[in-house]
Amino acid sequence: MTQQGYALHETLEVHELAAFKTVCLTKSKTMKALVSDEALKQLMQMDVDLSTRHLEELCDILKRAKT
């Protein structure tokens, strides 16, 4: 038996998470340019890197949901 993909509500939840992560990523990238404290900049860059990785994973899940 093959997997039929995800239920509609599951796909919508993943899409909502991806949208939220996109907003977080945009905010971190934008605010990082305005911050003068190096430690805070490093934390924000870590958030950018992690959010980017999370978005890639969420996109993979959404691609599988369409098949």
Side-chain angles (χ1 to χ4, degrees):
M1 179 179 251
T2 61
Q3 185 176 354
Q4 296 292 323
Y6 298 105
L8 180 59
H9 72 280
E10 293 170 324
T11 303
L12 291 173
E13 287 289 333
V14 173
H15 189 274
E16 191 175 326
L17 284 170
F20 176 72
K21 268 304 201 190
T22 301
V23 171
C24 292
L25 177 62
T26 302
K27 185 173 181 179
S28 288
K29 277 186 172 183
T30 303
M31 297 306 286
K32 191 178 78 153
L34 303 174
V35 171
S36 59
D37 183 57
E38 281 304 314
L40 183 54
K41 271 189 182 183
Q42 288 177 348
L43 283 173
M44 293 177 98
Q45 183 59 48
M46 287 171 47
D47 182 56
V48 167
D49 296 340
L50 189 60
S51 292
T52 301
R53 200 164 58 238
H54 287 161
L55 276 169
E56 289 169 355
E57 292 174 10
L58 291 170
C59 284
D60 288 342
I61 291 170
L62 286 171
K63 286 178 188 174
R64 282 184 276 158
K66 292 182 180 181
T67 58

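- E16 pairs by the side chain to side chain contact (heavy atoms under 4.5 Å, CB included) definition with nothing, not counting sequence neighbours.
- Using a 4.5 Å cut-off on side-chain heavy atoms (C-beta onward), E56 and T52 make contact.
- Applying the side chain to side chain donor-acceptor pair (under 3.5 Å) test to residues at least two apart or on different chains, the pairs with a partner in residues 29-38 are K32-Q45.
- A distance of 9.5 Å separates CG of L62 from CG of L17, quoted to the nearest 0.5 Å.
- Qualifying side chain to side chain contact (heavy atoms under 4.5 Å, CB included) partners for Q42, counting only residues two or more places apart in sequence or in other chains: none.
- Hydrophobic clustering, defined by side-chain heavy atoms of Ile, Leu, Val, Met, Phe, Trp and Tyr closer than 4.5 Å, groups M44 together with M31, L34, V35, L40.
- Chaining together hydrophobic side chains whose heavy atoms lie under 4.5 Å apart places L55 alongside L25, V48.
- Remark: S51 engages no residue in a side chain to side chain donor-acceptor pair (under 3.5 Å) (not counting sequence neighbours).
- If you take CG on L50 and NZ on K21, they are separated by 5.5 Å, rounding to the nearest 0.5 Å.
- Y6 and I61 make their closest contact through CE1-O, 3.8 Å (heavy atoms, listed as atom of the first residue, atom of the second, distance).
- Every residue two or more places apart in sequence or in another chain that forms a side chain to side chain contact (heavy atoms under 4.5 Å, CB included) with A7 is listed here: H9, E10.
- Partners of E57 according to the side chain to side chain contact (heavy atoms under 4.5 Å, CB included) rule, which considers only residues two or more places apart in sequence or in another chain, are R53, H54.
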